[in-house]
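Worth knowing before you read on, the calculation uses all heavy atoms, side chains too, and leaves out hydrogens, waters and symmetry mates. Along the sequence shown, the residues carry numbers beginning at 1. As the structure is a computational prediction, the values presented were derived from the model and not from experiment.
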Amino acid sequence: MAYMYVSAPVKAITGIVYLGKRHLLSDWREEFKNDIDAVARIEKYQESYRYAMEIDEFQETTEIPLEDLRRDVPKFVAPQMYMYLDGTELLEYIDKHIREV
């Protein structure tokens, strides 16, 4: 699972993403080799990444605004990609402040 941070104009953690199977993009390129548009998208994504993951479910939650995160979690910076939260102050903060809606 992962927490979803949405950038401008929302600027908040807004939900929980439950992830499924991980896919090697080169396998997808082979699987979709007859779909020119799909291959182009896969190749573009492969410039930066090797894998993609299925999203099994999204759970909307109460928002935790960026200003709260910056105020309450020292050195918080809005994420530019995924980050591991295990054992961090940020994870403790999110767990205390997030609620399913």
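Comment: Glu67 does not engage Arg70 in a salt bridge, judged by the lack of any side-chain N to carboxylate O separation of less than 4.0 angstrom.
Between Tyr93 and Thr88, the closest side-chain pair of non-hydrogen atoms is not below 4.5 Å. In this structure, the side chains of Val17 and Tyr3 stay at 4.5 Å or more apart for every pair of heavy atoms. Between Arg29 and Glu43, the closest side-chain pair of non-hydrogen atoms falls below 4.5 Å. Counting only heavy atoms from C-beta outward, the side chains of Asp68 and Arg71 approach each other to under 4.5 Å. The closest side-chain heavy-atom distance from His23 to Glu54 is below 4.5 Å. No side-chain heavy atom of Thr61 sits under 4.5 Å from any side-chain heavy atom of Val101.
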For this session: Begin with the C-alpha distance, continue with both residues' side-chain angles, and end with the deciding distance and a verdict on side-chain contact (heavy atoms from CB on, under 4.5 Å) for Val39 and Trp28.
Result: CA-CA 8 Å; Val39 168; Trp28 272 359; over 6 Å; no
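For the pair His97 and Ile64, the tightest heavy-atom approach, listed with the atom from each and the gap, is CB-CD1, 3.9 Å. Listed here is the closest heavy atom pair of Tyr45 and Leu25: CD2-CD1, 3.2 Å. Contact between Met1 and Tyr18 at its shortest, heavy atoms only, is CB-CD2, 3.8 Å. Pro65 and Ala12 get closest at one heavy-atom pair: CA-CB, 3.8 Å. What you find for Asp72 and Glu89 is that their closest heavy atoms are O-OE2, 4.1 Å. Here the shortest heavy-atom pairing between Asp56 and Gly20 reads OD2-CA, 3.2 Å.
Hydrophobic clustering of Ile, Leu, Val, Met, Phe, Trp and Tyr side chains at less than 4.5 Å, counting indirect connections, unites Ile98 with Phe76. Clustering ILVMFWY residues whenever any of their side-chain heavy atoms sit less than 4.5 angstrom apart, transitively, puts Leu66 in the very cluster that holds Ile16. A continuous path of hydrophobic side-chain contacts links Met81 to Tyr84 [ILVMFWY only; heavy atoms under 4.5 Å]. Residues Phe58 and Ile13 do not share a hydrophobic cluster, clusters being chains of Ile/Leu/Val/Met/Phe/Trp/Tyr side chains in contact below 4.5 Å. By the rule that hydrophobic residues join a cluster once side-chain heavy atoms approach within less than 4.5 Å of another member, Leu69 and Leu91 end up as members of one cluster.
By the 6.0 Å contact criterion, CD on Glu60 is open, its count of non-hydrogen atoms from other residues, nucleotides or ligands being 12 or less.
Going from atom OG of Ser26 over to atom CD of Glu31 covers 11.5 Å, rounded to the nearest 0.5 Å. If you take OH on Tyr82 and CG on Leu19, they are separated by 11.5 Å, rounding to the nearest 0.5 Å. In this structure, CZ in Arg22 is found 8.0 Å from CZ in Arg50, a value given to the nearest 0.5 Å.
The hydrophobic cluster containing Tyr51 also includes Leu24, under a criterion of side-chain heavy atoms closer than 4.5 Å among ILVMFWY residues, counted directly or through chains of members.
Remark: the backbone N or O of Lys96 is paired with a side-chain donor or acceptor of Arg99 at under 3.5 angstrom.
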